[in-house]
Amino acid sequence: MTPDSDYILQVHGLTKSFSGVKALDNVQLNLRRGEVHALMGENGAGKSTFMKILIGLLTPDAGEIIFEGNELKTGNVKDVLKKGISMIHQEMLIVPELTVAQNIFLGRESTARLPYWPDDRSIDRQSEVLLHQMGVAITARTKMKHLSVAEMQMVEIAKAISNNARVIIMDEPTSAISDKEVATLFNIIKDLKSKGVAIIYISHKMDEIYQIADTITVLRDGKYIGTESAGELDSKSLIAMMVGREIDALFPPSSVAQGEEVLSVRQLGSKGKFNNITFTVHAGEVLGIAGLMGAGRTEIARAIFGLDSYDSGTVFIKGKKVNLKSPHEAIAHGIGYVSEDRKGLGFIPGLSVKENITLASLSAHTKGWLIQSKSENAVAAQMIGDLKIKATDAGQKVRYLSGGNQQKVVIGKVLQASPELIILDEPTRGIDIGAKFEIYKLIRQLTAEGIAVVMISSELPEILGMSDRILVLSKGRQTALLSKEEATQETIMKFAMQH
Amino acid sequence: MNKYVTQLKGIGQYGIAIAFVLICLALSLTTSKFLTLSNWTIIITQVSINALLAFGVTFVIITGGIDLSLGSMVAVTGIVASLLAHPDDYPVVVPVLAGLLAGIGMGAFNGTVITKSKVPPFIVTLGTMTIGRGLALILSKGRPVSNLSDAFNFIGGGTVWGIPFPIIVLIIAFAVCSIVLKKTVLGRYIYAVGGNEQAAKASGIRVNKVKMAVYTICGGLAALAGILLTSRINTGQPNAGAGFELDAIAAAIIGGTSTSGGTGTMTGTLIGALLIGVISNGLDLLNVTSYYQQVVMGAIIIGAVVLDSRNQSAAQR
Amino acid sequence: MNKYVTQLKGIGQYGIAIAFVLICLALSLTTSKFLTLSNWTIIITQVSINALLAFGVTFVIITGGIDLSLGSMVAVTGIVASLLAHPDDYPVVVPVLAGLLAGIGMGAFNGTVITKSKVPPFIVTLGTMTIGRGLALILSKGRPVSNLSDAFNFIGGGTVWGIPFPIIVLIIAFAVCSIVLKKTVLGRYIYAVGGNEQAAKASGIRVNKVKMAVYTICGGLAALAGILLTSRINTGQPNAGAGFELDAIAAAIIGGTSTSGGTGTMTGTLIGALLIGVISNGLDLLNVTSYYQQVVMGAIIIGAVVLDSRNQSAAQR
Amino acid sequence: SQTSEKEEGGAKKPVIGVTMLSMQNEFIVNVSDEMTKKAEELGVELITVDAERSALKQIEQVESFIAQKVDAIVMNPCEVEASSPAVAKALAAKIPIINVNSETSAKPSAFVGSDDVESGRIAMKFIAEKLGAKGNVVMMHGYMGQAAQIKREQGAREVLKQYPGLKLIAHQTGEWDRAKSMSLMENWIQSYGKDINAVFAQNDEMGMGAVNALTAAGMKEKVIVVSIDAIPDALQAVKKGTLDATVFQNAQQQGAQAIETAVKLIKGQAADKEVFIPFQLVTKENVSKFLK
Ligand SMILES: Nc1ncnc2c1ncn2[C@@H]1O[C@H](COP(=O)(O)OP(=O)(O)OP(=O)(O)O)[C@@H](O)[C@H]1O
Ligand SMILES: Nc1ncnc2c1ncn2[C@@H]1O[C@H](COP(=O)(O)OP(=O)(O)OP(=O)(O)O)[C@@H](O)[C@H]1O
Ligand SMILES: [Mg+2]
Ligand SMILES: [Mg+2]
């Protein structure tokens, strides 16, 4: 292959398998200077694996990588970083005990003054400048563990940028941040482009892709499907390339009559998190909760589910006052919770798909003390089928599933506990378009069965498309409770930013 | 095909079993005295005490904890049992039950402190280790408790149909522990708590109850080991069991239990305990000088686990 | 405001320091012999060996590892040094350097096996613990090595301006270790590797090099402890240091180092070591019977850490 | 001084600091108990601490005694060499120090005890006589490198040298422990079987372990087992005939005389520099004399 000077990075014939299963099969990519190149594909298509090989965290079984005209040696992160490629990882890779600045410059400490002696004042200063430019209000000397998830993500972005790289890989950089930060990120990307930096951008949010991508490459099941210019590829064909079939309407219509009141929350408050929250949810209804990052939506859900305690107010379930002190009690009262923090609160990585699915409802599969594996297997097989979970078999460890499939496993687990109310916190975060569609259908199916749903989401189209009523929060306060008819993108944003 | 792959993975998982077989093979070739029924009866009898402790600590380690008080629990339970086991004092069930209760009590104490406070299990059980040793000395006034009834001495020294009683206890304990871990709700919860405590909690598992259970079970098994030991040597020794915790934890980890929690099997632990027992027996049979025994022992253990981890990563690839 | 909060948190972090002060206060009120210069000189001299080991293992534990071979390294380095420390054989630097090299070598061996194989540090260092004990016995032919030069005996027994030499070694080691951990690139990487190994890897940190470094440093500090000990008792003892590892690890954990890695400070570890030393000294001063000493010791350690964890969670709220 | 100002009946009550090898060892506990008895009788106060077999700890305890300004120190040394600095420190502080039970290389103010080498000699001599100077012997060591282990081995080997017909076919550590030595004996039975004619265990605990293993294997009748210390269990076993002999160390004499000597030195009276309390061989014939 003769290197083409137009391209900063060229990849050919890249192949990688895990325990005999091919995650990447003869994949290629051609990246131009100064372009934003979107890498698209379903969950488990192999995008992250591809990028981890580029950055040197994984070594390929076969294939060639040409960077700026020279072959890039694989398997050495430090070397790759030095050569000018950096990466925002899909799973947040932070060191909690170190400060923001120390995280940003980890591995690249300035030792100009004294050998082996990192000049923290200099990296603090550089970090402050960088964060200020990005419009993020975080001080460089706070310990990483004190930040919120979204703030951590912004630090990760800062880290990738600070490397002065000529190629930046962004693997789902916006999955944990809200619209305001996304806008900031896009400004940064534009700025980088103008400086000739090339960006590989991975996201499941279609609107983002069309906002910033110049070129789109699609992978499916580890195979290269094609590369198109973004202007010439409409979203319908893009989806078809990704999932291998067409999807008509993303949000299936609701057709359920509301039933009795399932959950009622009155004047709920928790100091420093939220106060005076009042709403009800009925059987068969979807209540959306919208708000900016840090509005306190997750905190409310955690309080209702018994994960945190609250200071004031009351919670009623089917008209009965309850005081839920633990998830155990909440589940016993028919509440299910799908957390936004899939890795932290969702699944047990070392247990199998089957074992995770039945974890919250094991007593349904026991005779005496013993677990009946037959009934367990049956239920697991059904869930895998219903939710279209992609796994080698029910015995595969959830650790080895892609993010979207992990999410489906968590939903499966919550459904198995036969809840009357399900709280879905960012249910489609990091999930591909096909799977999103499956989850929306699933939500409709649940409401049709008379289950009440509370859906917390930062994606306004999703809130608008799925909710019967919408609760809007701003900084822990309830600013509006909108009906489906009242709600538009603009009204929601107005109330979400109200002081 | 799929089944074949799973089988291969199974072997990888028990790579330590291969190491074990290799060591046995090597010993059979070096000394004719190794592969005899009587020698194996002795090996398994000797292993039984460490194996019981290792089973208990396997539960604990899978939840992500540790128990350093095993050795002291052996001493306390042994002393408690032996004090009640003099001939013509009480029927033999009394010392046995008293010993078991003492172990369960100490285990429950560990569990309570660990769940109620946020003190790491390492410190709590290190504390109990010291406290327990002191208790054993106080109860026995620093002297061995001897003159035990024949019925009591049968537990560690008797045979049923020619099989030493400790081996029978070992087999039953192994079966029960395996079933608890693999087939019961508690076992599933133990893996869940060790795999991801927060997620386990959010799945409605009462994490503290699970932790209480494992430390208590561990105490009970330590009591069993303490009673077996006391009966085997016909004396309650206040300094019995010193250092046993390290051997037991080693057996569990050699057998594939990870100290970061969430993984481990009783079969692995049993093989780990057997491995240690076989090496120690083999070195005695070969009459390796005691100084060199230690060097060889350490080297073989590291070597066996290196071999195992090679196998495992090969199977994963 | 912000500064005030940070200060408060600082106190929470050193809650163990409060526990320590409380215990000292209680002892001062119970016995007039406690708060004297001569007694404190003794306490700190006594603590120095455990503290050196605890500093080393703090590095290791912060990376998420463990080192059980500390005690055996003390023995091997002590034997190596003492064999070369007979009067008129070599100048005193020779045994000291040889001892240090032996410790560094053993530490590097630990590091190599741990990084090259996937064997858990617990097993590797347990193996080295056994191997090291055997080596010490082989080198010394199982007998104490005595008749050491005055210059060598000065290290553990001498004083400079009235200050016992071990205390001076302790202070220097503490300063150096604190600086390495807090101020150097290596220290930064140690926290990173223990805090999130994946993140460290993704930042281009050569994780294996960092691990090599901590085990080697740990070996070097164990050698220092071994030399101090040998000099203090004027003899190389093949069975010296048995069980030291647990005390050292306890000091680190009491001082707030988490066994899951990523957190810990040298100040905390120093306080942990002092706490153990003060309790042991106090119980002797109060003439508590030795059996009850153990019970009280265990209870106080658990109690102090409970107090600490209470404080910490209060400060976090 | 401050510490000894505890008044009782107007007279100063002298304080003696006592550091013992290990309070987990039955024999040592017996010595300690005898000291307490004698101290009460003579009206002195004892501060007894446990060195837990660590010479370092023992030195630290003696340093602490010196800081507390006790009137005399009684030390049951952990090690010959390693405990010596403690003696030197006490003497330098002008506090009389009495070694009890075993020696240190540094000369203390006085010594009360027995010579462990002698006990090894007595035990092995008994084996030689029983076997008619011909046969195979195995030996169980204590913790390798400890003073008692080294000395008892030395005594045994001296005798073995005198009897070329006696062959030491295996020796291994049982770590002073009954369970460990029982396993060791079981393994030896596997590899040597009927070749073993006699067992010398360096303490009674290990001797009892060997007896257990031999009895279980049905070999006790044919194998001679001898050990040292004469703990009650061992005496019972000698009486029953399962243990062939043990070597008696006089705890009562050692404890009592150590305190007597200390009190004499405190009062500035003359005291013997060395009080040797002889070992005695205990066999079925004379065991009743030792059973209380
Ligand atoms: N360490 C591993 N061991 C085994 N299988 C793995 C491993 N890492 C990834 N895989 C598998 O490789 C495939 C590709 O995974 P990858 O994470 O690259 O997908 P992705 O396209 O990034 O998906 P997502 O959009 O969900 O992030 C998946 O089937 C996954 O299960
Ligand atoms: N670990 C933490 N330490 C301190 N404050 C935190 C932490 N996590 C969250 N917060 C604070 O709690 C509040 C709400 O957090 P969070 O961002 O989870 O809200 P949210 O409405 O669920 O938003 P989103 O769902 O977009 O993450 C914010 O003020 C945030 O700064
Ligand atoms: Mg991905
Ligand atoms: Mg949220």
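To find a chain, count down the sequence lines: A is the first, B the second, and so on, and within it residues start at 1.
- If you measure heavy-atom distances from A:Phe347 to chain B, the contacts under 4.5 Å come from the backbone alone.
- Of the two parts of A:Leu370, the backbone and the side chain both hold a non-hydrogen atom closer than 4.5 Å to a non-hydrogen atom of chain B.
- The interface of residues 183-191 of chain B with chain A, defined by heavy-atom distances below 4.5 Å, comprises B:Lys183, B:Thr184, B:Val185, B:Arg188, B:Tyr189, B:Tyr191.
- In this view, B:Phe174 and B:Phe55 satisfy the ring pair (Phe, Tyr, Trp, His ring centres under 6.0 Å) rule, not counting sequence neighbours.
- The most heavy-atom pairs under 4.5 Å with chain A, out of B:Gly261, B:Gly195, B:Gly194, B:Gly204, come from B:Gly204.
- Within 6.0 Å of NZ on A:Lys397 lie no more than 12 heavy atoms contributed by other residues, nucleotides or ligands.
- In plain terms, the two heavy atoms of A:Lys413 and B:Ser203 that are nearest each other are NZ-OG, 2.8 Å.
- Atoms NZ and CG, on B:Lys201 and A:Leu345 in that order, are 9.0 Å from each other to the nearest 0.5 Å.
- Contact annotation for A:Thr358: only side-chain heavy atoms (C-beta onward) come within less than 4.5 Å of a heavy atom of chain B.
- In this structure, chain B has no heavy atom under 4.5 Å from any part of A:Gln396.
- Both the backbone and the side chain of A:Leu359 come within less than 4.5 Å of a heavy atom in chain B.
- Neither the backbone nor the side chain of A:Ser326 comes within contact range of chain B, judged by heavy atoms closer than 4.5 Å.
- Counting heavy-atom pairs under 4.5 Å between each of A:Gly346, A:Gly344, A:Gly306, A:Ala417 and chain B puts A:Gly344 at the top.
- The distance from the CG atom of A:Asn356 to the CG atom of B:Asn196 is 9.5 Å, given to the nearest 0.5 Å.
- When all heavy atoms of B:Ala192 and A:Ile348 are compared, the closest pair comes out as O-CD1, 3.4 Å.
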